[in-house]
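Here the structure is laid out as structure tokens; the discussion comes afterwards.
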Amino acid sequence: MTLTLHNTMTRTKELFVPGDPNRVTMYVCGPTVYSRPHIGNARPALVFDVLFRLLRTLYGEDHVIYARNITDIDDKINAAAKESGRPIGDITSEFADNYRADLGALGVLPPTIEPHATAHVGEIIAMIEALISSGHAYEAEGHALFSVSAFDDYGKFSNRNRDDMIAGARVDIAPYKKDPADFVLWKPSSDDLPGWDSPWGRGRPGWHIECSAMIEKHLGETIDIHGGGHDLIFPHHENEIAQSRCSHSGADLARVWMHNGFLTMDKDKMSKSTGNIITVHELSQDHAGETIRLAMLSAHYRQPLDWSDDLLSQAKSTLDRFYGTLDNLSDVDVPAGATPSDTFMSSLTNDLNTPKALAKLSALCKAANKVDDNDERARLKGELLTSGAVLGLLQDDPSSWLKGGVNDDDAEIDALIEARTAARANKDFAESDRIRDELAARNITLEDGPDGTKWRRDS
RNA sequence: GGCCGAGUGGCAGAGUGGUGAUGCAGCGGACUGCAAAUCCGUGUACGUCGGUUCGAUUCCGGCCUCGGCCUCCA
């Protein structure tokens, strides 16, 4: 099956052809670790987790290398350390741990490698030195700066020209820059800030160079897929391309560039400065990780998505339906060698069309609910579970999902249902309905079927 | 001002030059002691004004509205 991906470089969907199908490489810009990730931060992690799972399905689990970095050098981290009086390393390790835990709760697989900027300062310095000696960068007042005029294609990726950039500049232009568009590779650190010795004095890397250096070290000169949020196209990825191509005789940095769209919160911009955010951790208190995950995948990754309580409750009822079907299939076993359905895969391999793929899961459920033949039911169960796995969904125990996990009152609920069953057997419907109302008041919904009464917990 | 993206039925959200995805909600029916779940049926949707076309929601152009980016900020 072929995979088609939208490439930001060409602004079109293209057939994906990796450089080496035995070593498919993907790099995604990860977090700067100074605060808990909010739900907007989770979108790229989730989107590229689905792509990671899809690539592993298509090329084999051992043939995909996915790197997602941790940025642990940054002025916001420095500011957070200063404000709290805590050592920088404490802060970065705490929030890196939070990031892994919060996203792990959403079913995000750990990447193959998770390079840290502070562990690659040597490689960063070496890359800057190479850029200076080849004439693509220069030193000025303790800084090392990339010279955009030395790279003809600068601006091509984000489709902007020099004049526009200068006209729109929101920031004062530093006097030591030869060209206003030049950007920092290395900057000096005062004594109270983290710093490393370098040919240009004690300092720290600029923002963009770490990705270029870590990609080169772990994945190579030209990687298959580079991803991140839409806001990173300029300047971050434009600058990464400039640094990397000038270090590698013009070789492309990535074959495919992918960018996810942004989230809004109840129709307003999601922004830390206005406080209009919600963290993954907060959401996880009230919603299952899988509900949050499905909510995120209910829109195509390049489209804007409005995050709301309504979106979450829709995701919850969709999952209840899926798990309800699986629960009804509990009497049949998944056949050996089960694979995702073709129509599901053709949706997902079409530039990660998760909404369409989810519609295919609905179709599988409908088919499974209708059919009587057990071989066919088993086959559909296999397709449903293996398809769900590519999205990172439906791997929970259906009964456990519907009952909201294991709770203290489970035995009591079972006892009440038993009493109701006895009442029904005696045609004492007043009593049986009383018990059902009592349970309903506790958000327990009953379903009487030929094999007895099932129950589920609605939130 | 420049660049990019978006406007689809009550809601969410795909897609397509010509038989109105999918889910939720609603309505009718089957099933049920009654429900629930499930199944069946049910909707004159594509911002606006023009153009191309036998035919446009889909292509082209203008306009309106909204969002993002425009260098050390992630």
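Residue numbering restarts at 1 for every chain, and letters A, B, ... go by the order of the sequence lines.
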Reported NZ-to-CD1 distance for the pair A:Lys82 and A:Ile88, which is rounded to 0.5 angstrom: 10.0 Å
Nucleotide N/O of nucleotides 6-12 of chain B paired with protein N/O under 3.5 Å:
residue : atom : partner  : partner atom : Å
B:A12   : OP1  : A:Lys267 : NZ           : 3.4

Quiz item: A:Arg436 side-chain donor-acceptor pair to B:C34 base, under 3.5 Å: yes
B:U16 versus B:C46 - spacing of their C1' atoms, nearest Å: 11 Å
Contacting residues from residues 365-376 of chain A, given that a heavy atom lies under 4.0 angstrom of RNA chain B: A:Lys366, A:Asn369, A:Lys370
Nucleotide B:C4, atom C1' - distance to NE2 of A:His237 in whole Å: 16 Å
A:Phe157 CZ - B:C3 P separation (whole Å): 18 Å
Euclidean distance for C1', B:C73 against B:C69 (whole angstrom): 11 Å
A:Trp257-A:Phe157 aromatic ring centre distance below 6.0 Å: yes
Distance-only donor-acceptor test, A:Asn353 side-chain atoms vs B:G15 base atoms, 3.5 Å: no
Derivation and outcome, side chain to side chain contact (heavy atoms under 4.5 Å, CB included), residues A:Ile233 and A:Thr8: CA-CA 9 Å; A:Ile233 294 172; A:Thr8 307; 3.9 Å; yes
Qualifying residue, where the test is side-chain hydrogen bond (donor to acceptor under 3.5 Å, both in side chains) with A:Arg100 and the options are A:Asp102, A:Asn98, A:Asp97: A:Asp97
Rounded C1' spacing from B:U22 to B:U8 in Å: 14 Å
Rounded distance (Å) that lies between atom C1' of B:C3 and atom NE2 of A:His230: 10 Å
Sugar-phosphate only, base, or nothing, as touched by A:Phe262 at under 4.0 Å among non-hydrogen atoms: nothing
Separation of A:Arg457 CZ from A:Asp410 CG (nearest 0.5 Å): 5.5 Å
Between B:A74 (P) and A:Ile73 (CD1): distance, integer Å: 13 Å
Side-chain ion pair, A:Arg434 and A:Asp437, N-O less than 4.0 Å: no
Interatomic spacing from CE in A:Met258 to CG in A:Leu51 - rounded to 0.5 Å: 5.0 Å
Sugar-phosphate, base or nothing in reach of A:Ile233, heavy atoms under 4.0 Å: nothing
Given B:C34, B:G23, B:U71, the nucleotide with the shortest approach to the side chain of A:Asp448: B:C34
Touch class at under 4.0 angstrom, heavy-atom based, for A:Asn328 against every strand present: nothing
Under 4.0 angstrom between A:Arg321 side-chain N/O and B:C39 OP1 or OP2: yes
5' priority, RNA chain B, between A:Lys76 and A:His300 [closest heavy atom]: A:His300
Distance, C1' atom - from B:G13 to B:C70, rounded to whole angstrom: 31 Å
Sugar-phosphate only, base, or nothing, as touched by A:Ser432 at under 4.0 Å among non-hydrogen atoms: base
Nearest-Å distance for atom pair CZ/P, residues A:Phe429 and B:G33: 7 Å
Phosphate OP1/OP2 of B:G33 contacted by A:Arg424 side-chain N/O (<4.0 Å): no
Basic-acidic side-chain contact under 4.0 Å: A:Arg379, A:Glu376: yes
Whichever of A:Asp433 and A:Ser158 has its nearest RNA chain B nucleotide further upstream toward 5': A:Ser158
Cation-pi check, A:Arg245 onto A:Phe151 ring (under 6.0 Å, within 45° of axis): no
Nucleotide pairing, RNA chain B (Watson-Crick or G-U, distances under 3.5 Å), in dot-bracket with [ ] and |: (((((((..(((.....[...))).(((((.......)))))....(((((..]....))))))))))))....
Backbone N/O of A:Ser341 and side chain of A:Ser387: donor-acceptor pair under 3.5 Å: yes
B:G15 phosphate, OP1 or OP2, under 4.0 Å from A:Lys356 side-chain N/O: no
Salt bridge A:Arg420-A:Asp448, side-chain N to carboxylate O under 4.0 Å: yes
Sugar-phosphate only, base, or nothing, as touched by A:Arg204 at under 4.0 Å among non-hydrogen atoms: nothing
Heavy atoms of other groups near A:Asp192 CG, more than 12 under 6.0 Å: yes
Closest to side chain of A:Arg11, choosing from B:C73, B:C4, B:A36: B:C4
Rounded interatomic separation in angstrom, taking CH2 from A:Trp307 and P from B:G13: 12 Å
Integer-rounded Å distance: B:U71 P and A:Asp231 CG: 14 Å
A:Asp306 and A:Leu311: CA distance, side-chain angles, deciding distance, side chain to side chain contact (heavy atoms under 4.5 Å, CB included) verdict: CA-CA 8 Å; A:Asp306 186 50; A:Leu311 180 72; over 6 Å; no
Atom C1', compared across B:A14 and B:G41: separation rounded to whole Å: 23 Å
Inter-nucleotide P distance (B:G43, B:U19), Å rounded: 16 Å
Within 6.0 angstrom of A:Glu438 CD, more than 12 heavy atoms from elsewhere: yes
Gap in Å between the two C1' atoms, one belonging to B:G50 and one to B:A56, rounded: 13 Å
Side chain of A:Ala299 (C-beta onward), nearest among B:U71, B:G2, B:A14: B:A14
Nearest-angstrom distance, P atom, B:C64 to B:C27: 42 Å
Interatomic distance where CG belongs to A:Asn260 and P belongs to B:G68 [whole Å]: 15 Å
